[in-house]
Amino acid sequence: MKDSKTIRKEFIEFFEAKNHKVVKSAPVIPINDPTLLFTNAGMNQFKDIFLGKKKPEYPRAVDSQKCIRAGGKHNDLEEVGRDGYHHTFFEMLGNWSFADYYKKEAIQWAWELLTEVWKLPKEKLFATVHESDEEAYNIWKEVTDIDHSHIEYHGDKDNFWEMGTTGPCGPCSEIHYDRGENTCHMKDVEGHKCAVNGECHRYIEIWNLVFMQFYREEDRSLSPLKDQYVDTGAGFERICQILQNKNSNYDTDLFVPIIEKIAEISGVAYHQDERGVSHRVIADHIRALSFALADGGMPSNEGRGYVLRRILRRAARHGRLLNMKKTFLQDLVDVIVDVMGDHFVELKEKKAHIKLIIKAEEERFNTTLDKGLD
Ligand code: SER
């Protein structure tokens with residue numbers, strides 16, 4: 001089985017070989033951007049380049065960006081634990097063109113990596129394009145050997161990407177993976193039909209290629225940007241799920257060690273079905289907390305600090321559902337450092353700090369809970 005470290009490395013090396021500069025992930029706590037609670041996409045750190053306010057130091061870049069989607073426009077908090085592929089914290093693999101290449105190369109290279117390097121079966125891949133983007137539709141036909149019936153037009157909801165209520169944006173082309181009929185959780189629902197961007201979990205989006213060309217103004221109108229850019233984001237945990245032949249991100253080597261540790265300290269075995277929701281929520285939330293604290297976030301009563309406090313309390317409450325009454329969250333941090341600390345060295349450097357803050361915050365919450373319960 002290909003491990004997650006190898007998968008991340010292969011993505012980066014693929015684009016490095018195509019003259020992309022390898023850049024570091026920006027912190028999950030955004031620097032100087034009050035429009036954002038957390039870094040929610042790879043493009044955040046390049047926003048000023050898209051806006052023409054900053055000259056890029058290189059025309060192409062590749063990275064793995066740490067993202068948190070737990071508040072603001074992109075918020076996946078409620079989904080977490082119920083399915084196997086939404087997270088508060090996740091990594092987004094991205095390749096970038098700053099007024100250099102555009103739709104053709106972005107599509108061609110994504111296809112090449114997925115089908116030639118990673119050898120994903122072509123019949124399981126689907127591409128969507130924005131309903132106005134005939135150009136992207138034709139490029140898929142011309143530069144790849146995707147089954148033409150697997151190219152679909154979709155509307156703004158799925159194929160127009162925006163960072164927030166204002167900011168750089170543009171039409172996008174998404175790549176979805178068909179995980180097979182038996183991954184549909186709605187088989188028994190009358191009239192249900194599995195579909196890309198449909199209601200069941202059979203097809204999952206794995207990569208979004210955004211063609212940045214507009215700025216969304218306060219009054220909702222769109223102004224053209226000076227140049228055109230490519231911003232792609234591939235969900236790292238989802239890619240790992242597929243390449244490791246699993247049905248859930250939580251069954252990949254990114255999560256299994258954390259879930260095993262939760263099972264060990266709680267004494268409650270993990271199950272991949274409904275019974276595993278609490279294990280999954282805790283495993284997800286502890287990753288978000290560890291990264292946010294490593295990057296300077298702090299639980300508090302307002303703004304992003306409040307979101308962090310809520311995430312921690314949610315994890316602690318799920319701990320209670322697994323019969324854990326004492327603090328336990330800090331004991332999971334070592335596992336996260338083992339799994340991710342080689343690539344994200346800040347986790348190693350800040351380990352003691354992360355554990356200290358988590359423990360203090362959890363203790364305080366436990367006292368409140370106990371009082372309430374009494
Ligand atoms: N900005 C796009 C996204 O977040 C692609 O990176 O999905």
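Atoms within each ligand, like the ligands themselves, are counted from 1 in listed order.
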Next on the checklist: Is it the case that the side chains of Asp145 and Trp111 hold a donor-acceptor pair, with the cut-off being a distance below 3.5 Å and no angle test?
Outcome noted: yes

Checklist entry - What residues come within 4.0 Å of ligand 1, counting heavy atoms only? => result Ala41, Met43, Arg69, Met92, Trp161, Asn208, Val210, Asp231, Thr232, Gly233

Item to check | Close aromatic pair by centroid cut-off 6.0 Å: Phe236 and His343 | outcome: no

Checklist entry - Does the ring center of Tyr203 lie less than 6.0 Å from the ring center of His176? => result no

Item to check | Intermediate values then yes/no, ring-ring contact (aromatic ring centres under 6.0 Å, His included), Trp109 and Phe14 | outcome: CA-CA 9 Å; Trp109 291 340; Phe14 177 85; 7.5 Å; no

Next on the checklist: Apply side chain to side chain donor-acceptor pair (under 3.5 Å) to residues Asp156 and His130 and explain how you reach the verdict.
Outcome noted: CA-CA 7 Å; Asp156 280 355; His130 188 253; 2.6 Å; yes

Checklist entry - Is any NZ, NE, NH1 or NH2 atom of the basic residue among Lys18 and Glu105 found under 4.0 Å from an Asp or Glu carboxylate oxygen of the other? => result no

